[in-house]
Amino acid sequence: MSSNKGISNNQQRVDLDDIPLSQRLTNPRFAKRRSVRSDDSSSDSDSESDSSSNEDDVPLAKRILPIKKTIKRETIKQETIKQEPSRREISKQANVKDESDSEDDVPLAMKKQLKKPKAEPMDIDKPSKKRPATSAASSPVKRDKKVKKEEDDPDLYKWWEEEQLPTEMEHDDSVKWTSLQHNGVLFPPDYVPHGVKMKYDGKPISLSPEAEEVASFFAALLETEHAANPVFQKNFFEDWKVVLKRDPKNPKITSFEKCDFRPIWEKFEKDKEAKKLLTKEQKMQIKQEREKAEEKYLYAIVDGRKEKVGNFRIEPPALFRGRGNHPKTGKLKTRVLPEQVTLNLGVDAVIPEPPKGHKWAAVVHDQTATWLATWKENVNGAIKYVFLAATSTWKGQSDMQKFEKARELKKYVKAIRDIYTRELKDKLSEVRQRATAMYLIDRLALRAGNEKGDDEADTVGCCSLRYEHIQLEPPNTLHFDFLGKDSIRYQNTVQVETQVFKNIKIFKNQVGEGHMIFDRLTPSELNKYLNSCMKGLSAKVFRTFNASITFQQQVDLLTNPNDSVPDKLLSYNRANREVAILCNHQRSASKTHDQMISRIGDRIRALKYQRMKLRKQLYALDAKMKKKPEYAEPESDLEEDWIKVHEKELVQKERERIKSRFEKQNEKLAAEKQPKLTAADLKEKLKAADELADRLKRESKLAKIEPKPSVTVEKLVAQIKKVDERIYATKNQATDKEENKEVALGTSKLNYIDPRITVAWCRKNDVPLEKVFSKTLMDKFRWAQKIPKDWTF
DNA sequence: GGGGGTACTTAGAACGTATTTC
DNA sequence: GAAATACGTTCTAAGTACCCCC
């Protein structure tokens, strides 16, 4: 069996050493097991799993669900849905029709069920205040008063204040809406040729607008890593050549190497500069024009409620920027025409006008879907959707359900862990693989790991981990090294249960290099099993659950109720960081990071220098102050050499300030047509800097500094306090930055940490929510903001 | 059971704007 | 006041999960 170089040494040691002595003694068949390649079911595990075998006959659900049977969703589901065609049937039927017969493309069954609201043209300024019609949101409410109170958005539907909150709606065929009206999608503007000629073989060439557009896509990326990527270059060039063939001038371009896109790149740089130089008014005007064009697409009316639309813009043509080693990176993503776009609208909704001379691909009325528009992208054949924004009722409810599902797991997780721990030793290899994978998903928050095609980047998750992605180090250490989602490297060394270590070793030996470790497990099977443990449970729920529970524990542990707000924020960010590390949310460290940290260090020292000077003044006014501990302490890291350099810099800066003020004065005088100041004047002014240098030199030798007459002890104490605070804040900032160097906190905050933990924490600790949630997050998590301060995940 | 399709969430990169620093 | 940097938002790629069909 082939084995990885790095592993081979370990491997030999593993063979004997990694097995606990007790097992080696009681397990005469251990050696035999390794020689069994495809079926190790007769291994030692049967003797080891004795304890579990008694329970094997008991259905799993019964074994682990003493607490609560999963949701009574069935009873909540609308009765009417039962007779309905499935989502797929609905869309299928609807899709074959073209927009011209919008009435007829609704399946008969659906038409009957729909209470037809009267057709009204889409007017986002007058959303009706009709109550929602779906069961999920149709409980009686007394919200009128509250709505009036709401100052920011009177149309905001506070679904979370309903008596009956929605339960599950994900991946079911339930009707999501009764009426749906929107204004379609916004297409990118037509291409306007710039006429700048790129060069081929050193000579300027003319291109058709279409060819120029594609060349410009590449030119725009000239200074990025994409343009340097050979795969990107190749894919771009191939697709561009196809476009060039259609060019009536038929330019002979056969070699990528001979192409010089720089003239176009330079043109874009110039445009950027010019854009920066626009006046405030010009910029404002552009903004207003853009907003006007977008206006009508911003909102949809769902069951009479105004809801914000998310990505109503059709993606403009571009070069596909695949992440990592994507085989299709650089390919041309072509312009999307209305003829490719299908709209989802209510039966009685007014169909938005397609752009002049065009038709929509279709108009459907799929009430089981939440998308407003869809089209297929040409590079990967991926389906793109227009959905409502994150602040919408649908997204908010779905978000809350996600966290509620994760909280539900809290009740089951002990039992699930007990079972998979037991099943690590199951006699069936499939079961052991499943248990081992569950262990990794639970403990390391790995993703499920669906299989991927050859036309995608080679990235993996738990179920698709291959031989080479885990190295074993006896007795129980695993070294993970693989590319996960977005080709982000997952590198982690963990000590695991001995049985997990043993299992991985066996699975690896069975498959060999290049093959999947869990060769008898797919995410689909795993999820099916998880669903039998707890309704709605899937691999990804573990990630949410572990992220949120980690955050809750960490933030509780790290927060000191007596701390200042900045300290509490530091604790908050630390807890956030723990989660980001768990989920492997990375960002590339900025190139200037080290520089930045050393600059913060300088800033701290400069503040300490300032504090030292203030203290010396304090001593001059009140000698007793020197005895007070808070003023007596010398600045610990202000070294003589540093002070000398710093003072030199201070003098230099003073000099520059004087010079620049002098120049400005002269400019002003020139403008007023008055005689300018002379070099002698400048020399005179610069004397102030020399005086400063002298003073600093003198003071450096003194233990006390005589302050200005107006200065009092109180004033100095207040100043010192201020400097102290600034030093403290700057130090915190430095710590935070250093610890945050390669960790991205945003993703976990946005997707994994239950916002209610944050809200409760802020309440409990008197920290304004705005300090931890940006405006977008505030809006997205409105639903979470009414919970009490003692709420826990 | 495996491949393809659909609908939705999650993710880092890129971009735009605000704030800080010089 | 300009340049540098930080921060927030937008964009769209890349996942998960489930369904259907053969």
Side-chain angles (χ1 to χ4, degrees), chain A residues 86-89 91-92 95 169-173 176 220-221 224-226 272 275-276 283 287 310-311 313-316 318 320-324 326 328-329 333 344 366 368-371 374 376-377 379-385 387-390 394-395 398-399 402 447-453 456-457 459-464 484-488 522-528 530-531 536-541 543-544 547 583-588 590 592-593 595-596 599-600 603 649 653 656-657 660 664 733 737 740 744-748 750-752 773-777 779-780:
Chain A
S86 73
R87 172 169 23 189
R88 216 158 300 277
E89 284 164 334
S91 22
K92 247 192 186 169
N95 259 314
M169 70 178 220
E170 218 186 333
H171 291 296
D172 63 10
D173 279 352
K176 312 285 194 310
L221 300 174
T224 69
E225 282 178 16
H226 294 295
K272 275 186 217 163
K275 206 176 156 192
K276 273 187 211 160
K283 282 180 188 166
K287 200 182 164 196
N311 53 328
R313 249 177 285 265
I314 292 285
E315 292 174 18
F320 171 67
R321 300 185 205 186
R323 314 247 167 96
H326 198 297
K328 291 189 175 179
T329 191
K333 209 171 75 168
N344 195 18
D366 185 351
T368 69
T370 65
W371 53 266
T374 182
K376 202 174 199 172
E377 158 265 359
V379 175
N380 298 293
I383 303 165
K384 304 275 184 165
Y385 298 91
F387 289 114
L388 290 185
W394 284 339
K395 296 285 185 189
S398 160
D399 224 25
K402 172 183 77 183
R447 296 187 184 86
N450 285 303
E451 256 192 281
K452 298 187 72 190
E456 295 171 278
T459 61
V460 297
C462 184
C463 293
S464 50
K485 181 178 179 181
D486 292 311
S487 293
I488 297 293
T522 65
S524 162
E525 286 158 0
L526 175 63
N527 284 337
K528 218 171 144 192
L530 291 173
N531 192 54
L537 183 63
S538 66
K540 95 196 252 285
V541 180
R543 232 166 118 81
T544 314
C583 295
N584 199 39
H585 292 144
Q586 293 187 18
R587 59 171 190 175
S588 36
S590 98
T592 54
H593 174 84
Q595 207 184 331
M596 183 179 69
R599 225 177 286 145
I600 294 177
R603 256 188 8 234
E649 279 171 5
K653 271 179 204 160
E656 275 157 21
R657 225 173 46 128
S660 104
K664 256 176 218 148
Q733 194 193 354
K737 286 214 164 104
N740 244 1
L745 302 187
T747 306
S748 48
L750 193 66
N751 299 305
Y752 287 106
F773 280 170
S774 67
K775 195 192 154 291
T776 325
L777 285 185
D779 288 344
K780 175 177 167 158

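Residue numbers begin at 1 in each chain, while the letters A, B, ... track the order of the sequences.
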Classify [X] by what it touches in the nucleic acid, base, sugar-phosphate, or nothing, heavy-atom distance under 4.0 Å.
{"X": "A:F387", "answer": "base"}
{"X": "A:G381", "answer": "nothing"}
{"X": "A:A457", "answer": "nothing"}
{"X": "A:Q586", "answer": "sugar-phosphate"}
{"X": "A:G461", "answer": "nothing"}
{"X": "A:T459", "answer": "sugar-phosphate"}
{"X": "A:G746", "answer": "nothing"}
{"X": "A:I488", "answer": "sugar-phosphate"}

Phosphate contact ([N] OP1 or OP2) by [X] side-chain N/O below 4.0 Å:
{"X": "A:S538", "N": "C:dA17", "answer": "yes"}
{"X": "A:Y385", "N": "B:dT9", "answer": "no"}
{"X": "A:H585", "N": "B:dA11", "answer": "yes"}
{"X": "A:S487", "N": "C:dA14", "answer": "no"}
{"X": "A:T747", "N": "B:dG12", "answer": "yes"}
{"X": "A:R447", "N": "B:dA11", "answer": "yes"}
{"X": "A:H326", "N": "C:dA14", "answer": "yes"}
{"X": "A:K452", "N": "C:dG15", "answer": "yes"}
{"X": "A:S398", "N": "B:dT9", "answer": "yes"}

Restricting to nitrogen or oxygen on both sides, can you table the protein-nucleotides 9-12 of chain C pairs closer than 3.5 Å?
unit_1 : atom_1 : unit_2 : atom_2 : d
C:dT9  : OP1    : A:T776 : OG1    : 2.8
C:dT9  : OP2    : A:S774 : OG     : 2.8
C:dT9  : OP2    : A:T776 : OG1    : 2.4
C:dT9  : O5'    : A:T776 : OG1    : 3.2
C:dC11 : OP1    : A:R313 : NE     : 3.2

Donor-acceptor contact below 3.5 Å, side chain [X] vs main chain [Y]:
{"X": "A:N531", "Y": "A:S538", "answer": "no"}
{"X": "A:K328", "Y": "A:V379", "answer": "yes"}
{"X": "A:K395", "Y": "A:K780", "answer": "no"}
{"X": "A:T224", "Y": "A:L221", "answer": "yes"}

Revision key, fill the gap. By nearest-nucleotide position on DNA chain B, the 5'-leaning member of A:R587 and A:T544 is A:T544
Exercise for review: Nearest whole angstrom, please: distance from the P of B:dG2 to the CG of A:N450.
Suggested key: 14 Å
Practice item. Would you please name every residue forming a salt bridge (charged side-chain N to carboxylate O under 4.0 Å, His left out) with A:K287, sequence neighbours left out? Key: none
Point to revise | Partner residues of A:E315 under the side-chain hydrogen bond (donor to acceptor under 3.5 Å, both in side chains) criterion, sequence neighbours left out | key: A:K333, A:K384
